[in-house]
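Quick note on labels: first sequence line is chain A, next is B, and so on, each numbered from 1.
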Amino acid sequence: MQSANGMGKKKLIVIAGPTASGKSSVAVELAKLINANIISADSMQVYRGMDIGTAKITKEEMKGVRHYLLDEFAPDEAFNVAIFQKLAKQYIEEIHSHGNVPILAGGTGFYIQSVAFDSEFEEMEIDRTLRRELEKEYDELGAASFHEMLKKVDAGAAKSIHPNNKKRMVRALEYFRLTGERISEHNAKQRAKRSPYELYYFVLNMDREILYRRIDERVDKLVEAGLVEEVNSLLMQGYSRNLVSMQGLGYKEIAAYLEGEMSLEEAIYIIKRDTRHFAKRQWTWFKREPACRWVDISPKDSAQDVAKRILDVIKKDSSRIQEMKTHEDGV
RNA sequence: AGGGGAAUAGUUCAAUGGCAGAGCGACGGUCUCCAAAACCGUCAAUGGGGGUUCGAGUCCCUCUUCCCCUG
C-alpha cells in the first residue's frame, strides 16, 4: 500500500551542498557505514578527461565505494538533465535490486530535483532544429517582440520569465509548439509532485567566509595540480572552446589564457570569483527547496563525523516511518 | 625642502557651472531538457573647512592625504 511520508517507498539519500563543501568525502564515509553506492549528481564530472578542473574524486578517495555517473561521456557529447535523470533512475533501480541504498551526491540542484521528485521530460531528442529556429527568431525579433509572441500562447510563462532570458523564452515557446501544452502549467504540475522515494535530502552548510576561503585555496591547488595542462590537452585533442563542457568553471578561463586573451593571474582571479558566485547560486537553490535539511559543518569536523551525524538523523526518521507503518498495519 | 599633478560608491573610471552615472564588486533572487549555464533586482560616493554663484563634483583660498619631478 502506497501512502504519504515515504511508507512503502524505497530509500534515496541525497548529499548536496555548495562546491568545495566536502560532499564527496562525506558521501563516501556515509556509504561505508551503510553499504551504499554513490551516484554523482554533477553536470561536469560526467565528462572524461575533465578531472582536475572539476575536482573529481579519485580512485583512492572512493575507498572502494562504487560510484556511478562519472566519466560516462566524452567532452563533446550532449548531456542534459533529461539524460542525467534517465541514467540516474536506472542506477537507482540497479542499486536497490542489489539490496543497497543509493546516495545521490553532488552540487547540481537542478539534476537532483529531476530525480528526487521525478520530473517529467518529453522525448525530444530530434528537435534541435526547432530550438535553433526559435533562437534565430529571438535574435531577429528582439526580446520585447519575442516576449509578446510568447504572451499570446502562454501568458503565465511570459509573466514569470524575463524577456532578456533567451534560453527560457525559447524553451517556453518550444515546449508549447512541441506539446501544445503551456510550460507554465506543466511546471506548476511538476512542482506539486511528491518524491517517489523515501527521501533524505541533506545539504552541507558552512560559514560563508570559510567556504569562500576554501574555494580560493582549492583553485590554487587545482592550478598547481596541472589544470593548465589538462585544458591544453583537451584543446589539443580537438575539443573546441565553445563546447558546453568547456564552459565549466576553470575551463573557459584557462582556455582564454592559453589563447593569449588574458594572463594566468587574471584567469585565476576570474575562476575564484565565478566559483564564489556559483556557490552562492547553489545556496539560493537549496534554500528554496523545502525538502532540504541543512547540516552545519565546520572545517574541523571530519568527513566521518559528519557522516555519523547524518546517519543518526536518517535512523531517527526511518524508525518513525517504520512505527507509522506498523501502526497503520495494526489498525 | 621646492615645483607639478591627483583626490567622486569597496574598486576602476564618467559627469559645458544645472537631476552625480557606468563597469567590476558585495548582497538578494529566478530556475522543471545547455544549469559549473542563462537571467533579474538591491546597495553604495563627490577627503575636511571656508569663499564666489540663483546654483559648485566642476571656479577660488586653505588644510589633509597620495603620486611624479628636482634636491
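Of all nucleotides present, only B:G5 satisfies the Watson-Crick or G-U wobble test against B:C66, with each distance under 3.5 Å. Nucleotide B:A14 has no partner under the Watson-Crick or G-U criteria, as no pair reaches both atom distances under 3.5 Å. Base pairing of B:A38: its partner is B:U30, meeting the Watson-Crick or G-U wobble criterion (both donor-acceptor distances under 3.5 Å). Nucleotide B:U58 forms a pair with no other nucleotide shown, judged by Watson-Crick or G-U wobble geometry with both contacts under 3.5 Å. Under the Watson-Crick or G-U wobble criterion, with both distances below 3.5 Å, B:A20 is left unpaired in every strand shown.
Nearest nucleotide to the side chain of A:S119, out of B:U32, B:C27, B:A36: B:U32. In the set B:A36, B:C40, B:G25, B:G25 carries the atom at the smallest distance from any side-chain atom of A:R273. Considering only side-chain atoms of A:R191, the nucleotide from B:A36, B:U32, B:G28 that sits closest is B:U32. Ranking B:C27, B:G25, B:A36 by closeness to the A:Y212 side chain, first place goes to B:C27. The side chain of A:N165 lies closest to B:A38 when the candidates are B:A38, B:U30, B:U32. Here the nucleotide nearest the side chain of A:F110, chosen from B:G28, B:U30, B:A35, is B:A35. In the set B:A37, B:G28, B:C40, the nucleotide with an atom closest to the side chain of A:L249 is B:A37. Among B:A36, B:U32, B:C40, the nucleotide with an atom closest to any side-chain atom of A:R281 is B:A36. If you check B:A36, B:A38, B:C40 against the side chain of A:F278, the one that comes closest is B:A36. Of the candidates B:U32, B:G25, B:C27, B:U32 carries the atom nearest the A:Q190 side chain, counting heavy atoms from C-beta on.
Rounded to whole Å, the distance from CD1 on A:I270 to P on B:G23 is 17 Å. In this structure, the CZ atom of A:F286 is 14 Å from the P atom of B:G29, given to the nearest Å. Rounded to an integer number of Å, the gap from A:H162 NE2 to B:G29 C1' is 13 Å. To the nearest angstrom, P of B:A38 lies 12 Å from NZ of A:K166. Going from atom OH of A:Y251 over to atom C1' of B:C34 covers 17 Å, rounded to whole Å. When the C1' atom of B:A36 is taken as reference, atom CD of A:Q282 falls 8 Å away, rounded to whole Å. The OH-P distance, from A:Y47 to B:A37, rounds to 13 Å in whole Å. A straight line from CD of A:E181 to C1' of B:U32 spans 12 Å, rounded to a whole angstrom.
Distance check, rounded to the nearest 0.5 Å: CD of A:E181 to NE2 of A:H186 gives 6.5 Å.
Contact annotation for A:G109: no contact, since no heavy-atom pair falls under 4.0 Å across all strands. Contacts of A:D274 with the nucleic acid, taken as non-hydrogen atoms under 4.0 Å apart, are absent. Backbone-only engagement by A:V81 is indicated by non-hydrogen atom pairs under 4.0 Å involving sugar-phosphate atoms exclusively. Across all strands, A:T54 comes closer than 4.0 Å to base atoms (heavy-atom distances). Among the heavy atoms of the strands, none lies under 4.0 Å from A:E253.
At a cut-off of 3.5 angstrom, the base of B:U30 holds at least one donor-acceptor pair with the side chain of A:R168.
For A:K287 and B:G29, the shortest distance from a side-chain N or O to OP1 or OP2 is below 4.0 Å. Between A:N164 and B:C40, a side-chain N or O to OP1/OP2 separation shorter than 4.0 Å is present. At the phosphate of B:A26, OP1 or OP2 sits under 4.0 Å from a side-chain N or O atom of A:R276. Phosphate proximity of B:G29 to A:T284: present, with a side-chain N or O under 4.0 Å from OP1 or OP2. Residue A:T108 places at least one side-chain N or O closer than 4.0 Å to OP1 or OP2 of B:A36.
Taking all atoms of both residues into account, the shortest heavy-atom contact from A:T179 to A:Y175 is OG1-O, 2.7 Å.
Partner A:I297 forms a side-chain contact (heavy atoms from CB on, under 4.5 Å) with one of A:L204, A:I210, A:V26, A:D207 and no other, that one being A:L204.
Between A:N187 and A:S184, the closest side-chain pair of non-hydrogen atoms is not below 4.5 Å.
Under a 4.0 Å N-O distance rule, the pair A:D51/A:K56 qualifies as a salt bridge.
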